[in-house]
Number of protein chains: 2
Amino acid sequence: MSLLFSRPCEYALQAVIYLAMKKEGERTSIRELTAALRIPYHFLAKILQDLTRKGLLSSLKGPAGGFALEMPAKEITLFHIVEAIDGVEFTQRCVMGFQECSGNHPCSVHDSWAELRDSIYRMLVERNIEEMAGDMKKPEYAGAG
Amino acid sequence: MSLLFSRPCEYALQAVIYLAMKKEGERTSIRELTAALRIPYHFLAKILQDLTRKGLLSSLKGPAGGFALEMPAKEITLFHIVEAIDGVEFTQRCVMGFQECSGNHPCSVHDSWAELRDSIYRMLVERNIEEMAGDMKKPEYAGAG
DNA sequence: CTATTTTAAGAGTAAATAGTCTGATTTATC
DNA sequence: GATAAATCAGACTATTTACTCTTAAAATAG
């Protein structure tokens, strides 16, 4: 079970943060990313292609090729990545799956979940990838392998 | 995509709340539940059997048989149901899937997610099924079909 | 121009999740 | 006891998600 986000989305989040830890413009190969993050090679390749098509990354073939952020890390949030890979369906569905659940015909946790949903959204937008990459470089943080 | 909870778990939540809307001890058939909640018959049958094995429901075969809550609705929370069907893994995993993420080696949203996780837990335990069934009976609430 | 290193693309496979079917068993009623 | 109405059990199928493989194409360096 991969809670909240799909596997591809989790991998995308990790990969983009990893790229943000590099100097701006520096390119990183799939090989390096999959080794550092322990993600299956060809699977991550697909995901990075997807992020490239969606305009979040740029790619270059050949030796010294690889992937880099298409825009400054400061302008990217986790939400951009989630939006690109999983979409924003989680902002809409009833948490218990009631088909009729809606604003004027709510289920009994509709309002609590609405608040939580907002908090999740806030978690995804309140900090940018540059700040997060800064964290990850510190020894007390996890992720880079 | 069935956010946060699996399909079987969503169906279980719906079914248990539906049962809590009945008079204590009254038995309800799979047929009635699937008609009211629009859930596939045989699939819900499996889920109810599971909840019965886990001790949340009691079942009776034969005409006038069906399912009922094994204990007073006041003593059941959504968390009991989630625990029985999906387990509590969502309280443990890193939201971005970082393998190394933990208390003393956190990812950059570790703390925000920890708070959110607690709020989700609170949403699941702060009200019991009796209260929620009470809500659902009111015309402005959704669920019973 | 050739060899090498990288991504691109698309088909294919595997595993997990969701949902179905059939037949047996239990219980109540006539 | 026979019949009917319900759950129980387990095998089966379908769909979605996760992951792999192969070949092509682009870029660099010699």
Side-chain angles (χ1 to χ4, degrees), chain A residues 1-15 19 22 26-35 37-70 82 85-87 89-90 93 97 99, chain B residues 1-15 19 22 26-35 37-70 82 85-87 89-90 93 97 99:
Chain A
M1 184 179 144
S2 60
L3 87 161
L4 213 52
F5 307 127
S6 70
R7 275 290 165 87
C9 189
E10 289 185 355
Y11 292 162
L13 294 167
Q14 296 180 25
L19 291 176
K22 297 300 184 88
E26 183 178 344
R27 301 200 166 271
T28 307
S29 69
I30 301 174
R31 182 177 330 284
E32 179 181 337
L33 283 160
T34 54
L37 301 169
R38 283 176 241 133
I39 297 175
Y41 184 93
H42 293 283
F43 196 39
L44 185 61
K46 287 287 168 220
I47 297 164
L48 296 175
Q49 280 168 35
D50 210 15
L51 289 170
T52 304
R53 273 192 295 266
K54 296 269 168 57
L56 280 168
L57 303 182
S58 78
S59 68
L60 195 66
K61 292 178 182 176
F67 294 87
L69 301 180
E70 175 68 28
V82 171
I85 303 293
D86 275 353
E89 206 196 1
F90 84 91
R93 280 202 82 215
Q99 297 182 344
Chain B
M1 184 178 145
S2 60
L3 86 160
L4 213 50
F5 307 127
S6 69
R7 276 291 165 87
C9 188
E10 289 184 355
Y11 292 162
L13 294 168
Q14 296 180 25
L19 290 176
K22 296 302 185 86
E26 185 178 341
R27 303 202 164 269
T28 306
S29 69
I30 301 173
R31 183 178 328 281
E32 178 181 338
L33 283 159
T34 55
L37 300 169
R38 283 176 241 133
I39 298 175
Y41 184 93
H42 294 284
F43 196 39
L44 184 60
K46 289 282 170 227
I47 298 165
L48 296 176
Q49 281 168 36
D50 211 14
L51 289 171
T52 304
R53 273 191 294 268
K54 296 270 168 58
L56 279 167
L57 304 182
S58 77
S59 68
L60 194 67
K61 293 180 182 174
F67 294 86
L69 302 180
E70 176 68 26
V82 171
I85 303 293
D86 275 354
E89 208 196 359
F90 83 92
R93 279 202 82 214
Q99 297 181 346

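Here is the naming used below: chain letters follow the sequence lines, and residue numbers restart at 1 for every chain.
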TODO: For A:Lys61 and C:dT4, give me the distance from atom NZ to atom C1', rounded to whole Å.
DONE: 15 Å
- [ ] Would you kindly compare A:Pro63 and A:Leu44 by the position of their nearest DNA chain D nucleotide and give the one closer to the 5′ end?
- [x] A:Leu44
Task: Any donor-acceptor N/O pair, B:Asp86 side chain to B:Ser6 backbone, under 3.5 Å - done: yes
Task: Salt-bridge criterion met for B:Arg27 and B:Glu32 (N-O under 4.0 Å) - done: no
TODO: Remember a base hit wins even if backbone is also touched, and classify A:Leu48 as base, sugar-phosphate or nothing at under 4.0 Å, heavy atoms.
DONE: nothing
Open item on the list: Could you tell me how far apart A:Leu3 (CG) and C:dT17 (C1') are, to the nearest whole angstrom?
Closed with: 17 Å
Open item on the list: Would you say A:Thr52 places a side-chain N or O within less than 4.0 Å of OP1 or OP2 belonging to C:dT7?
Closed with: no
Task: C:dA9 OP1/OP2 closer than 4.0 Å to side-chain N/O of A:Arg53 - done: yes
- [ ] Examine C:dT22: is either OP1 or OP2 under 4.0 Å from a nitrogen or oxygen in the side chain of B:Tyr41? Give yes or no.
- [x] no
Task: Derivation and outcome, salt bridge (Lys or Arg N to Asp or Glu O under 4.0 Å), residues B:Lys54 and B:Glu70 - done: CA-CA 10 Å; B:Lys54 296 270 168 58; B:Glu70 176 68 26; over 6 Å; no
Open item on the list: I need the CD1-C1' distance between A:Ile39 and D:dC19, as an integer number of Å.
Closed with: 13 Å
TODO: Quickly work out the A:Asp86 CG to D:dT17 P distance and round it to whole Å.
DONE: 10 Å
- [ ] Verify the contact: side-chain N or O of A:Tyr11 to OP1 or OP2 of D:dC19, cut-off strictly under 4.0 Å; return yes or no.
- [x] yes
Open item on the list: Can you say whether a donor on the side chain of B:Lys46 sits under 3.5 Å from an acceptor on the base of D:dA9, or the other way round?
Closed with: yes
Open item on the list: Between A:Pro8 and A:Ala64, which residue's closest nucleotide on DNA chain D lies nearer the 5′ terminus?
Closed with: A:Pro8
Open item on the list: For C:dA8 and A:Ser59 - does any side-chain N or O of the residue sit under 4.0 Å from the phosphate oxygens OP1/OP2?
Closed with: yes
